[in-house]
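All remarks here apply to the structure that follows.
Numbering of ligands and ligand atoms starts at 1, following listing order. These figures come from a predicted structure and were not determined experimentally.
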Amino acid sequence: MKRSTMAIHIGQEPDPTTGATVPPIYATSTYTQEGPGRHKGFEYSRTNNPTRRGLERCLAALEGGADACAFSSGLAATDAALASLMRPGQSIVAFSDLYGGTYRLLERVYRTWGLDIRYADDTRPDALLSLVDQSTRLLWIETPTNPLLRILDIEAISVALRSRRPAEADDPSGLLLAVDNTFASPMLQRPIELGADLVIHSATKYLGGHSDLVAGAVVSAREETLQPIRFHQNAAGAVPGPFDCFLLQRGLKTLHLRMERHCANALRIAEWSRRRPEFSSVLYPGLPDHPGHEVARRQMSGFGGMVTLSLAGGAPAAISLLTSTRLFACAESLGGVESLINHPATMTHASMPPEVRSRIGVEDGMVRLSVGVEDADDLIADLEQALRAGSGNP
Ligand SMILES: *Cc1c(COP(=O)(O)O)cnc(C)c1O
């Protein structure tokens, strides 16, 4: 089955008792048993729920994994992976250009619990691998990164990592590669096929796709790796409710269509931005001179819907642009059908200290666009009028 078919059929078989083509939303916390322990596989909805289970099966299929666990947010998914796989004294090697909330969780929560976190600034696999030692249990990367849209070569990193694993070869308790695939979605990039062990999602973004829910997921290449995460899902209980699972499943059905349009619109806007003198740099992996373009062409089937622009006029010009757009809403988050514009330095990356931001290249004059699926001409016209408004000659 191809991915577009999976998105519409896996985990959403017609209801066997009524024939309902769209499976019902199982809004129940508990399940009536014929006698103690005599049940149909469901006892209590923190542990398992049919609506959530269908969603998990669909997500696992889309990412090409063995199975998946759904969570109440992307950070809850990240947290469950960290809490269940890491022990005090162990280390994580991460690529420095991270989602701000992930950075905050690593630094403000897990470091205080005794984890060592090391950051590589360079996209070359050697730069990450040089920080790995006996204590390292997890390599954590995002690609494309947020908000700089840098590209890491997942396959090259996983090959290099395997050479560092203990002789017992694919020991799942050894060194694991986790990829936050939020920016690409499985329609554009499948890290497990490229050798990753775990895929993390903020399903709040492209997977849900309509900016109407918060959810997350962990997908695993192997069942054994997922076991402690599933245990933690039930033990700690950060599970999404059945209504959110239903909305997310509904969103997944059009993921392939939406991603095509996000990619086409983002490329149009990136090409337009390049011709405008107001922007000192345009970051989009689909532009041939983007430093990660060749790797992105190899590992992605499209370049995504995110475009990051630097205003030549710095922070004041950035603020003026994002307060003057009418279609692009000034908001956090990304991946919905509607276009958003944000100021990473004061919004998504505010939890990152200024010196860290400037070291990794998040400039105060940057705006990040989450290009939606509206008409590209309308979106460009909106940016044009916002630039005119900012220049003082509307
Ligand atoms: C939003 C986001 C997260 C966190 O997900 P939430 O659903 O907001 O908890 C993690 N990683 C990336 C890349 C994100 O964009």
query: So, the side chain of Ser96 versus the backbone of Ala120: is there a donor-acceptor pair under 3.5 Å, distance only?
result: yes
- request: Answer with yes or no whether Ala215 contacts ligand 1, where contact means a heavy atom under 4.0 Å from a ligand atom.
  value: yes
message: With a 4.0 Å cut-off on heavy atoms, is Leu334 in contact with ligand 1?
response: yes
- prompt: Do Phe246 and Arg250 come close enough that some side-chain heavy atom pair is under 4.5 Å?
  reply: yes
message: With heavy-atom distances below 4.5 Å as the criterion, would you say the side chains of Pro144 and Met300 are in contact?
response: yes
query: Have Ser91 and Thr136 got a donor and an acceptor in their side chains that come within less than 3.5 Å?
result: yes
query: Under 3.5 Å between some N or O of ligand 1 and some N or O of Asn146?
result: no
- prompt: Should the heavy atoms of other residues, nucleotides or ligands under 6.0 Å from CZ of Arg276 be counted, would the total exceed 12?
  reply: yes
- line: Atoms of ligand 1 under 4.0 Å from any heavy atom of Gly74, numbered from 1 in the order shown, are 5 (O), 6 (P), 7 (O), 9 (O)
query: Considering residues, nucleotides and ligands other than Arg111, do more than 12 of their heavy atoms fall under 6.0 Å from its CZ?
result: yes
- prompt: For atom 11 (N) of ligand 1, what's the nearest protein heavy atom and its distance?
  reply: Asp180 OD2, 2.7 Å
- prompt: What protein heavy atom sits nearest atom 2 (C) of ligand 1, and how far off is it?
  reply: Lys205 NZ, 2.5 Å
message: For atom 9 (O) of ligand 1, what is the closest protein heavy atom, and at what distance to 0.1 Å?
response: Leu75 N, 2.8 Å
task: Considering only non-hydrogen protein atoms, determine which one is nearest to atom 4 (C) of ligand 1 and report residue, atom name and distance to 0.1 Å.
output: Tyr99 CE2, 3.4 Å
query: Between Thr182 and Glu142, do the side chains contain an N or O donor and an N or O acceptor separated by less than 3.5 Å?
result: no
task: Could you find the nearest protein heavy atom to atom 7 (O) of ligand 1 and give me its residue, atom name and distance?
output: Thr204 OG1, 2.7 Å
